[in-house]
Amino acid sequence: MRPVALAVTTIALLALTACGNNEPADDREPAAAPSSDQPFADTPAPDEPQTAEYEFGDTAETTGSMGAGTLAVTPTTVVYANTATGETPDNDLYAVIVYKAEATGGTVSEAAPIEGGGWKWITPEGQALDWQSGNTDGVAPPGYGSGGDIVGGTFELYTEAFDLAEGWNGDGAKLVYIDGNGATHTWTDIPTEDSGPEVEKLKAGLGQ
């Protein structure tokens, strides 16, 4: 009879244990709320587009179209003209910039306005002008590149024209290029008269 007694005792103990855990829900202590002092994992802030400033003639290391590749960009020459390649400005005169675009790594192309990149002229008062400001579409002097891919280790000379009102090329005017990463590259001290190594060639191409 001892095995039976042992079994009965074991069952009784299990029953008592189970009853001890069946406390009413209202009598249980609520789970501890998360402490406000507990640190949360740091969430890295999104990368902010970079900005950099140069003097006219300096080289900027920029990112190519759609964030791919590296392009060294150097504005070298500016010419002011009342007419250019048979076009007349809507305002008072054209400012035509020559810039060198060099692929320092692999093949790359410059950022385009359609992706939020490209060139702007900032007037001394702070107004931003781009290729849509005035009549600049037809200003395309021969002898200079017209866009597209630049093979690694080579460079192109490109032009960019702006349609300016009187005084918009005065002291304080700036030239801006926004690259494929959204970084803003700004050149100051733009000459207020024709200046740079490409002046004669550019003037001939503009019909001056």
Side-chain angles (χ1 to χ4, degrees), residues 41-79 84 94-134 136-164 168-169 172-191 195-199 201-202 205:
D42 290 336
T43 302
D47 290 339
E48 293 286 340
Q50 301 299 305
T51 60
E53 190 167 292
Y54 319 85
E55 291 185 2
F56 191 84
D58 289 346
T59 298
E61 293 294 328
T62 76
T63 302
S65 176
M66 305 303 292
T70 303
L71 196 65
V73 176
T74 313
T76 67
T77 300
V78 59
V79 163
Y94 288 116
V96 185
I97 302 291
V98 175
Y99 61 97
K100 178 182 178 181
E102 182 177 5
T104 55
T107 299
V108 65
S109 58
E110 66 177 338
I114 195 172
E115 61 185 280
W119 292 90
K120 297 181 185 293
W121 182 284
I122 311 300
T123 71
E125 293 76 24
Q127 182 178 350
L129 312 173
D130 60 19
W131 65 277
Q132 294 179 304
S133 305
T136 61
D137 282 351
V139 181
Y144 295 95
S146 57
D149 289 342
I150 303 172
V151 176
T154 69
F155 70 88
E156 296 274 359
L157 292 178
Y158 291 146
T159 62
E160 190 74 23
F162 301 95
D163 189 332
L164 306 183
W168 284 358
N169 64 323
K174 300 176 182 179
L175 184 66
V176 167
Y177 175 69
I178 301 173
D179 71 14
N181 270 347
T184 301
H185 304 271
T186 302
W187 286 267
T188 60
D189 299 322
I190 304 173
S195 179
E198 294 287 316
V199 166
K201 176 184 174 182
L202 180 58

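- Nearest approach of Y54 to T59, heavy atoms of both residues: CE2-O, 3.8 Å.
- Within the 4.5 Å cutoff, the side chain of S65 has no heavy atoms near those of the V108 side chain.
- Closest of all the heavy-atom pairs between W187 and Y177 is CZ3-CB, 3.7 Å.
- A centroid separation of 6.0 Å or more is found between the aromatic rings of W168 and F162.
- The structure places OG1 of T188 at 10.5 Å from CG of L175, a figure rounded to the nearest 0.5 Å.
- The nearest pair of heavy atoms linking A103 to L71 is N-CD1, 4.0 Å.
- For the atom pair CD (E160) and CD (E110), the distance works out to 7.5 Å, reported to the nearest 0.5 Å.
- No side-chain donor-acceptor contact under 3.5 Å links T51 to the backbone of T184.
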Q: Mind running side chain to side chain contact (heavy atoms under 4.5 Å, CB included) on L164 and L129 for me, showing each step along the way?
A: CA-CA 9 Å; L164 306 183; L129 312 173; 3.6 Å; yes
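- Atoms CD and CG, from E61 and D179 in turn, are 11.0 Å apart once rounded to the nearest 0.5 Å.
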Q | Chi angles and distances behind the ring pair (Phe, Tyr, Trp, His ring centres under 6.0 Å) call for Y158, Y144 | A | CA-CA 5 Å; Y158 291 146; Y144 295 95; 9.4 Å; no
Q | Audit row: E102, I150, side chain to side chain contact (heavy atoms under 4.5 Å, CB included) steps and yes/no | A | CA-CA 7 Å; E102 182 177 5; I150 303 172; over 6 Å; no
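- Between H185 and V73 the shortest side-chain heavy-atom distance does not fall below 4.5 Å.
- Between W121 and I190, the closest side-chain pair of non-hydrogen atoms falls below 4.5 Å.
- Considering CG of N181 and CE of M66, their distance stands at 10.5 Å, rounded to 0.5 Å.
- Annotation: side chain of I178 is in contact with side chain of K120 (closest heavy-atom distance under 4.5 Å).
- Within a 6.0 Å sphere centred on NZ of K174, other residues, nucleotides and ligands contribute 12 heavy atoms or fewer.
- Between G117 and A111 the shortest heavy-atom distance is CA-CB, 4.0 Å.
- Scanning both residues, G134 and D163, for their nearest heavy atoms gives CA-OD2, 3.4 Å.
- Shortest non-hydrogen contact noted between T63 and A68 is CG2-N, 4.1 Å.
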